[in-house]
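Below: one structure, written as structure tokens.
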Amino acid sequence: MATIPVINPRLIVHSSVLAACALAALFLLQCGSGVGSAIFVMEPLPYSQDALAPAISADTMGFHYNKHYAGYVKKANELTKGIGFSGRSAEAVIQMTAGDASKAAVFNNAAQAWNHAYFFKCLKPGGGGAPEGLLAEMIDESFGGFTDFKKLFITAAKDQFGSGWVWLVLDEGKLAVVTGANADTPLAHGLIPLFTVDVWEHAYYLDYQNRRVDFVKSVLDNLANWDFVADQLEKAQPSKE
Ligand SMILES: [Fe+2]
């Protein structure tokens, strides 16, 4: 992953009822085992498909969620079925296959499934603005201020050659902006993801055509879910005991 240099610098029950309960439990167990066999689960979109318009149209979100994201989840499950990944988490599959050319297809689909679920959570209707609290303090400390962070993030998005992702990550206790090509993900590099924007063309082309910078600016100004990002940063902080 490319780190972007920073200029300024987380009961008594009747037997028949009991029998019914037992049958229900068996049914649930069977259903559960079916769900449990799939490592990658399609996470629900946290808002309606048209909720982010006009920054991201319902058409773009519909294709992005129902076709691209769904495709990665489906393929990741197909590729990990019965070949030694049983019981592993999505994150573990990504880390187990990162950098292994013989497992590139598994990594690409697994990472894309994970990246997309994370990206959708980084957005919300009526988002944008500036973060507050610890996140704001760390952005000031790491980048010199929120305006400088935005400039760095947008430049990183512009300079990412071809398809990929731009991330705000936590790297050994400090914030950093990094980019990754194609399916690359901070999880493969020991970095803690905080915020991301998908800069694959499918994320913006219907709405912005070739104007990637306008798309990223619009996400930062109108959709960024800094509350979610702040929660991730909080979770990543070492416990104070
Ligand atoms: Fe995407």
Side-chain angles (χ1 to χ4, degrees), residues 1-2 39-80 90-91 93-94 97-98 104-125 127-128 153-154 156-169 177-189 191 193-225 228-229 232:
M1 272 224 105
I39 296 171
F40 298 88
V41 177
M42 187 115 177
E43 296 194 25
L45 199 59
Y47 32 75
S48 64
Q49 286 183 17
D50 61 357
L52 305 186
I56 297 178
S57 68
D59 267 357
T60 292
M61 186 52 78
F63 280 109
H64 207 172
Y65 182 81
N66 294 310
K67 301 296 181 185
H68 295 279
Y69 173 48
Y72 293 127
V73 171
K74 181 172 184 286
K75 192 73 178 174
N77 281 321
E78 288 172 1
L79 290 171
T80 51
E91 291 83 357
V93 171
I94 291 167
T97 56
V106 177
F107 174 81
N108 286 337
N109 285 279
Q112 281 294 79
W114 195 94
N115 287 348
H116 278 86
Y118 197 89
F119 170 56
F120 296 137
K121 287 185 279 200
C122 285
L123 312 177
K124 70 173 182 180
F153 195 92
I154 290 165
K158 178 169 67 73
D159 292 345
Q160 168 56 39
F161 185 78
S163 299
W165 299 82
V166 187
W167 299 85
L168 174 67
V169 299
V177 171
V178 300
T179 55
N182 301 317
D184 204 1
T185 178
L187 297 182
H189 302 274
L191 303 170
L194 295 175
F195 175 75
T196 191
V197 177
D198 182 347
V199 295
W200 283 59
E201 286 188 345
H202 66 229
Y204 59 88
Y205 214 84
L206 287 178
D207 299 331
Y208 298 84
Q209 294 75 52
N210 62 323
R211 294 177 287 114
R212 179 189 285 181
V213 164
D214 290 351
F215 163 64
V216 177
K217 276 183 184 172
S218 187
V219 169
L220 289 169
D221 290 342
N222 303 295
L223 303 179
N225 186 346
F228 170 75
V229 178
Q232 304 313 302

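In each ligand, atom 1 is the first atom listed, and ligand 1 is the first ligand listed.
Angle NE2(His116) to the Fe ion (ligand 1) to NE2(His202), rounded to 10°: 130°.
Ring orientation note: the planes of Trp200 and Tyr72 are nearly perpendicular, at an angle over 60° on the 30°/60° scale. Using cut-offs of 30° and 60° for the angle between ring planes, the Trp114 and Tyr118 rings count as parallel. Using a 30° and 60° split on the angle between ring planes, Trp165 and His116 fall in the perpendicular class, above 60°.
Ring centers of Phe195 and Phe153: under 6.0 Å apart, within the cut-off.
Among the backbone and side-chain atoms of His64, an N/O/S atom is found under 2.8 Å from the Fe ion (ligand 1).
Shortest distance from the Fe ion (ligand 1) to Asp198 is reached at OD2 (N/O/S atoms only).
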